[in-house]
Peer 1: 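Sharing a structure here in structure tokens format.
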Amino acid sequence: MRGLCAGSSGFGAVLLLLCLVLSPVCSITVTTPAERHASKGDAVLLSCTFTSTNRMTSKMSVDWSYRPQSGGRPETFFHFSSQVFYPTEGQFRGRIQWQGRPAHGDASILLINATLNDNGTYTCSVRNPPDVHGSPTSQTVLTVTNKPASIRFSDVAVLLTLVLLPSAVITLILIGKMLCPTKQHNQSKSSRSPIEVTEGEVYGFSSPKTRESTTCCDLCLMDLEDEEFYNIKSEHALEEGFAESRC
């Protein structure tokens, strides 16, 4: 009797082992991007998708953990199991939003207002019993950098005003001088003072026309020192008979 029982239990163990070997293996696969880049202040989507050979059950769960860039032990900051459990303390408090849809194989989260302290490795873990094999975890390395300097419209407007406006004024002035040189030259001539002397007057020379217009009436006004010269001229004029008629 005891031999029969022992034989029966041994047969059952062999039968169970055969069932496990012949039955399909239950597994789950989790996938995330290898790297993620963002700028300071951005909202970063930490994507996580999974596939499971078993249908979703209430035992299905999602965990997100974080390990700083400087190293250390990963710490879980988000958990989902039928409902969402957000972080209540630490650097991620109030900055995580659940974006997952487990029925569609999505376990993503949204990180709000990224900072430089968020640089590090993020691990997504998905469990859906009895799926116990496969790759239930996947990692993403997040790199957050400062935003590049941007030029605002107001800065451009001020720059254009300070640079282009003076240049335009100077250009207009130069064009005006190039178009109106004759007018300025004529004005310089018309504004000449009546007391200005001509060339020749500076050195005491008179024109030939002035010399020819001298008459005997002008000679009468000469000084006594030139009287002898004047008498000689007068006698010569009387001989010709026209000096007195002019005087």
Peer 1: Within the structure provided, determine whether Glu75 and Ser65 are in side-chain contact (heavy-atom separation under 4.5 Å).
Peer 2: no
Peer 1: Considering only heavy atoms from C-beta outward, does the side chain of Leu45 approach that of Gln99 to under 4.5 Å?
Peer 2: yes
Peer 1: Taking all atoms of both residues into account, what is the closest heavy-atom pair of Thr57 and Pro129, and its distance?
Peer 2: OG1-O, 4.0 Å
Peer 1: Locate the shortest heavy-atom distance separating Lys147 from Ser39; write the atom from each residue and the value.
Peer 2: CG-CB, 3.5 Å
Peer 1: Compile the donor-acceptor pairs under 3.5 Å between side chains in residues 105-126 and protein atoms, sequence neighbours left out, one pair per line.
Peer 2:
from, atom 1, to, atom 2, distance (Å)
Asp106, OD1, Ser108, N, 3.0
Asp106, OD1, Ser108, OG, 2.7
Ser108, OG, Cys48, N, 3.0
Thr115, OG1, Asn117, N, 3.4
Thr115, OG1, Asp118, OD2, 3.3
Asp118, OD1, Gln91, NE2, 2.9
Asp118, OD1, Arg95, NH1, 3.4
Asp118, OD2, Arg95, NH2, 2.4
Asp118, OD2, Thr115, N, 2.9
Asn119, OD1, Val144, N, 2.4
Asn119, ND2, Leu116, O, 3.2
Asn119, ND2, Val144, O, 3.4
Tyr122, OH, Asp118, O, 2.8

Peer 1: Before we go on, tell me: are the rings of Phe77 and Trp64 under 6.0 Å apart, centre to centre?
Peer 2: no
Peer 1: Is there a side-chain contact between His79 and Val62 (heavy atoms, below 4.5 Å)?
Peer 2: no
Peer 1: Taking all atoms of both residues into account, what is the closest heavy-atom pair of Arg67 and Gly72, and its distance?
Peer 2: CD-O, 2.9 Å
Peer 1: Do Phe78 and Phe92 have ring centroids that are under 6.0 Å from one another?
Peer 2: no
Peer 1: Do His37 and Thr145 come close enough that some side-chain heavy atom pair is under 4.5 Å?
Peer 2: no
Peer 1: We want to know whether Ser138 and Thr32 form a side-chain donor-acceptor pair, criterion being a heavy-atom distance below 3.5 angstrom.
Peer 2: yes
Peer 1: Hey, what else clusters with Leu174 if you join Ile, Leu, Val, Met, Phe, Trp, Tyr whenever side-chain heavy atoms sit under 4.5 Å?
Peer 2: Ile170
Peer 1: Please answer: with hydrophobic residues joined when any side-chain heavy atoms are less than 4.5 Å apart, are Phe85 and Tyr66 in the same cluster?
Peer 2: no
Peer 1: Return the minimal non-hydrogen interatomic distance between Met60 and Met56, and the atom names on each side.
Peer 2: CG-SD, 3.9 Å
Peer 1: If I compare all heavy atoms of Thr140 with all of Pro33, which pair ends up nearest, and what's the gap?
Peer 2: OG1-O, 2.7 Å
